Number of protein chains: 2
Amino acid sequence: MGYHQNSVCARRGNALVQMQVQVASMPLIMLEARLAQANVFKKVVDAIKDLVQDCNFDCNDSGIALQAMDNSHVALVSMLLQSGAFEGFRCDRNISLGINLGSLTKVLRAAGPDDILTLKAEDAPDVVNITFETTSQDRISEYDIKLMDIDQEHLGIPETEYAAVITMPATEFQRICRDLSALSESVAIECSKDGVKFSCTGDIGSGSVHLRSTSDVEKPENNVSIEMNEPVSLTFSLKYLVNFCKASGLSTSVKLMLSSEVPLLVEYPLVDGGSHLRFYLAPKIGDDE
Amino acid sequence: MGYHQNSVCARRGNALVQMQVQVASMPLIMLEARLAQANVFKKVVDAIKDLVQDCNFDCNDSGIALQAMDNSHVALVSMLLQSGAFEGFRCDRNISLGINLGSLTKVLRAAGPDDILTLKAEDAPDVVNITFETTSQDRISEYDIKLMDIDQEHLGIPETEYAAVITMPATEFQRICRDLSALSESVAIECSKDGVKFSCTGDIGSGSVHLRSTSDVEKPENNVSIEMNEPVSLTFSLKYLVNFCKASGLSTSVKLMLSSEVPLLVEYPLVDGGSHLRFYLAPKIGDDE
DNA sequence: GACATCAGTA
DNA sequence: TACTGATGTC
């Protein structure tokens with residue numbers, strides 16, 4: 001019987017085994033994830049904390065994932081931080097860390113932007129341990145956040161073939177949402193081969209923004225690209241889109257994926273290629289618009 | 001009988017004498033203190049006005065001093081502005097100016113940060129006169145604040161030899177207090193030779209910040225220095241400490257002085273070396289922690 | 001990203 | 001009146 005099994009016994013209340021383990025000073029860390037830039041995690045949590053109060057961070061050897069519906073069940077958040085996004089990553093067993101994002105925000109506020117952030121959890125943990133180290137190591141702060149049991153609403157999100165995929169600068173999308181939200185509650189997104197049109201109508205008048213597909217080879221990050229199978233036009237709540245745009249600082253570009261009668265997918269790629277922060281938003285239908 | 005006694009008569013209500021004095025335009029100024037930067041005084045008052053409503057500014061030829069307990073008698077504020085801190089300072093006789101800090105704040109709000117502030121008071125004054133001059137002298141504003149009688153609780157504060165004296169950047173201390181106050185009402189400060197640890201526990205979890213003693217010769221103002229006679233660990237109310245930290249703008253560094261079972265002294269040096277703003281806070285004991 | 005200001009709440 | 005969260009500017 002190795003340390004691994006001992007640890008399980010300890011957690012189940014075998015005090016003797018637990019003592020032995022502690023005497024052997026064997027902290028049974030199951031998860032240790034070291035992120036070079038605390039900022040990335042801060043921004044991710046900032047971007048989703050207004051949508052979701054509590055959620056599970058599902059950890060396994062491929063990384064840390066999160067999925068949660070917003071309170072009104074209109075939007076869905078999905079994050080994936082692949083192990084490769086970390087400076088060091090170890091996860092010996094699948095664990096789900098139920099965390100209150102308000103508490104997490106309070107703790108992350110204590111991190112300097114360039115601090116090194118390390119998440120640690122034991123097997124069957126009560127708390128998640130978060131440390132921030134300045135690069136100079138003169139200051140080390142350490143926090144434990146109590147975990148909570150959160151009903152895992154398992155959300156099968158089918159990988160859809162979208163009718164249209166728009167890639168554009170994240171700041172541009174943020175600006176459009178902010179500008180149009182001054183006029184109306186909702187925005188229509190219409191996509192055709194050579195362009196995309198965001199439009200809305202409200203009490204004081206109406207507005208629209210047309211973006212042409214561009215291909216500036218010198219500044220590819222400023223490009224708007226549209227991959228389209230068929231034209232699509234859908235209407236969405238601007239309040240939610242503005243909210244999603246809090247993630248704009250995480251990435252230079254954002255992808256909007258649309259299909260008729262299917263939730264819009266707003267995707268921000270993270271640090272490495274595979275990691276991402278995704279928001280899904282159901283379209284408004286008929287009179288809702 | 002000199003002017004001096006005349007003035008006393010006038011103050012005692014002899015209208016005839018008062019008129020004569022006014023006609024003779026003889027303002028019997030006892031105190032005139034000219035401060036090059038109104039900002040210093042603004043910040044001092046800002047930093048203490050939430051702790052103390054009314055207090056006496058005790059003026060004598062060595063400067064202006066202030067001592068007051070907070071309302072709950074847990075904390076004590078002590079300020080000393082030595083005469084040398086002023087561009088010009090004259091105080092012919094000891095006077096105690098009882099001022100409502102709310103009123104004073106309202107008046108100080110009218111001062112530009114770089115204005116020259118002058119405090120004036122007559123002998124046995126009803127009011128304190130405050131003027132603000134722009135450095136260019138284009139604008140002079142003048143205010144009188146009514147004085148009040150405040151019971152002088154004379155507070156003998158013994159100069160203690162502290163078990164530990166920590167000097168650190170004021171902003172760092174402010175940040176630690178702010179960060180930890182998100183988790184708990186109180187913080188334990190533990191001091192050992194090579195470092196100091198601030199830690200707390202609350203409903204959502206626990207947190208701690210370790211600072212190592214540093215000696216960066218290039219940026220000495222960023223250093224953390226610890227002079228320690230014996231290890232010490234005490235617990236304090238974070239609400240008060242956060243409050244004290246409003247003084248952070250007054251000084252790059254702050255000194256924390258601790259001894260067992262004795263109030264913590266938090267000291268911000270002011271303009272010149274000798275002047276200071278000090279806060280004392282009784283430790284929490286036993287179950288209070 | 002940090003700061004200051006502002007509005008709303010306790 | 002003071003603290004909190006939120007917003008907008010530097």
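In this text, all values refer to a predicted model and were calculated from it rather than measured experimentally. The figures that follow rest on heavy atoms only: side chains count, while hydrogens, waters and symmetry mates do not. Naming convention: chains lettered A, B, ... in sequence-line order (proteins, then strands); numbering from 1 in each chain.
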Item to check | Separation of atom CZ in Arg175(A) from atom P in dG8(D), rounded to whole Å | outcome: 14 Å
Next on the checklist: Just the rounded figure in Å: distance from P of dC3(D) to CG of Asp46(B).
Outcome noted: 12 Å
Item to check | Gln174(B) CD - dA2(C) C1' separation (whole Å) | outcome: 12 Å
Next on the checklist: If you assign Lys106(A) and Arg178(A) each to the DNA chain D nucleotide with the nearest heavy atom, which residue ends up on the more 5' nucleotide?
Outcome noted: Lys106(A)
Checklist entry - When Asn223(B) is tested against each of Thr214(B), Asp216(B), Thr167(B) for side chain to side chain donor-acceptor pair (under 3.5 Å), which residue passes? => result Thr214(B)
Checklist entry - How many Å lie between CG on Leu241(B) and P on dC3(D), as a whole number? => result 14 Å
Next on the checklist: I need the CD-P distance between Glu185(B) and dC3(D), as an integer number of Å.
Outcome noted: 13 Å
Checklist entry - Would you call the rings of Tyr268(B) and Phe279(B) parallel, tilted or perpendicular if under 30° counts as parallel and over 60° as perpendicular? => result perpendicular
Next on the checklist: Run the side chain to side chain donor-acceptor pair (under 3.5 Å) test against Asn243(B) and tell me which residues pass, sequence neighbours left out.
Outcome noted: none
Checklist entry - Quick one: is dC3(D) close enough that its OP1 or OP2 comes under 4.0 Å of any side-chain N or O from Lys246(B)? => result yes
Item to check | Side-chain N or O of Lys239(B) closer than 4.0 Å to phosphate OP1/OP2 of dA2(D) | outcome: no
Next on the checklist: Nearest whole Å is fine: how far is dA2(C) P from Glu172(B) CD?
Outcome noted: 14 Å
Checklist entry - What is the distance, rounded to the nearest whole Å, between atom CG of Asp50(B) and atom C1' of dT4(D)? => result 14 Å
Item to check | Spacing between Asn39(B) atom CG and dA4(C) atom C1', to the nearest angstrom | outcome: 14 Å
Next on the checklist: Within the 4.0 Å heavy-atom criterion, would you say Lys43(A) contacts the bases, only the backbone, or no part of the nucleic acid?
Outcome noted: sugar-phosphate
Checklist entry - Should Lys284(B) and Glu185(B) count as an ion pair when the cut-off is N to O under 4.0 Å? => result no
